[in-house]
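What follows is one structure encoded as structure tokens, with my remarks underneath.
Indexing begins at 1, ligand by ligand and atom by atom, following the structure's order.
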Amino acid sequence: MQRKTATTARDVSGQAKPPLLELAGVTVRLNGAEVLRDVSLRASDRRIAIVGRNGSGKTTLARVIAGLQPVDAGTATIGGSDMARDRKAALRAVGILFQNPDHQIIFPTVEEEISFGLLQLGQGRDAAREATREILARFGKSHWAEAATHALSQGQKQLVCLMSVLAMRPALIVLDEPYSGLDIPTRMQLMRHVDGVDATVVQITHDPASVRHYDRVVWIDEGRVRQDGPAAEVLAAFEQQMTAWGGADDLSDLAG
Ligand SMILES: Nc1ncnc2c1ncn2[C@@H]1O[C@H](COP(=O)(O)OP(=O)(O)OP(=O)(O)O)[C@@H](O)[C@H]1O
């Protein structure tokens, strides 16, 4: 197993800055099974991908990073705030985009959907409305403000979810397989939007091609970090192993 040695970022005064994301010895048990085991990750890289087989624990890890999944052991620190101790501050620092936008969208119109997160952050109605209009304009979708969310296509809904997350200006965005089920042009367009965002991105994917340009790839296997390092190195090892397993007919090792 290989672990990346994180370089310590420093602020203007030369003080060492805490990494944006720090997991230390994180273990999560669900229904008695250890789904994550002693996962440690210090990350200040701008683009991080998480790969692994079905059932290896990727979504659970994404939920831990997004503050949606309490840990049974270890600590999760986002933007210098410990999830367990200052959950509110940690949650401000992170936004999550799920695979299925229907699990995320709850409001009847696009404007209400995007504004909701901003109101939750404590913004007043006028400020939230203005920020919503601003993000719609940035994506060339001002005409969507009054659109019914249920009438949008999957790709359009996914873009609404991305705009909702970006409007909240999180320092870290977690994307859990955001492009599955989208056609090639929609996927390419959304990927371009994601590539252009200022925030740090942690993306879970089954598609190595979509993250070859990332700074770092973490391979999760049976709830543990199997390999962590530069994209080219980790993806080559990952693809080799996946192809070897794929060549066998035995599904008995599929996690779960
Ligand atoms: N709510 C739950 N209760 C019990 N077990 C769960 C729960 N959610 C997930 N698991 C189990 O935890 C393991 C990891 O699941 P997880 O969804 O994190 O995997 P994944 O790597 O994202 O998989 P996939 O690539 O198939 O989406 C699986 O064995 C799964 O069955």
Is D228 paired with R216 through a side-chain N to carboxylate O contact shorter than 4.0 Å?
yes
Below 4.0 angstrom from a heavy atom of R53, which ligand 1 atoms are there? Numbered from 1 as shown, please.
21 (O), 25 (O)
Could you tell me whether ligand 1 has any atom less than 4.0 Å away from a heavy atom of G57?
yes
Here the atoms of ligand 1 under 4.0 Å from any heavy atom belonging to N31 are 3 (N), 4 (C)
Between I48 and L41, is there a side-chain heavy-atom distance shorter than 4.5 Å?
no
For T60, atoms of ligand 1 separated by under 4.0 Å from a heavy atom:
15 (O), 16 (P), 18 (O)
Decide whether the shortest distance between a heavy atom of Q99 and an atom of ligand 1 is less than 4.0 Å.
no
Does only the side chain of N54 get under 4.0 Å from ligand 1, or the backbone, or both, or neither? Count heavy atoms.
both
Short list, please: which atoms of ligand 1 are under 4.0 Å from a heavy atom of T59?
17 (O), 18 (O), 20 (P), 22 (O)
Can you figure out which of K58, E34, R29 has its heavy atom closest to atom 20 (P) of ligand 1?
K58
Kindly indicate whether the side chain of H206, heavy atoms from C-beta on, has any atom under 4.5 Å from the side chain of E177.
yes
Please work out, at 4.0 Å between heavy atoms, whether the side chain, the backbone, both, or neither of H206 comes within that distance of ligand 1.
side chain
Sidechain N-carboxylate O distance under 4.0 Å for E111, R133:
yes
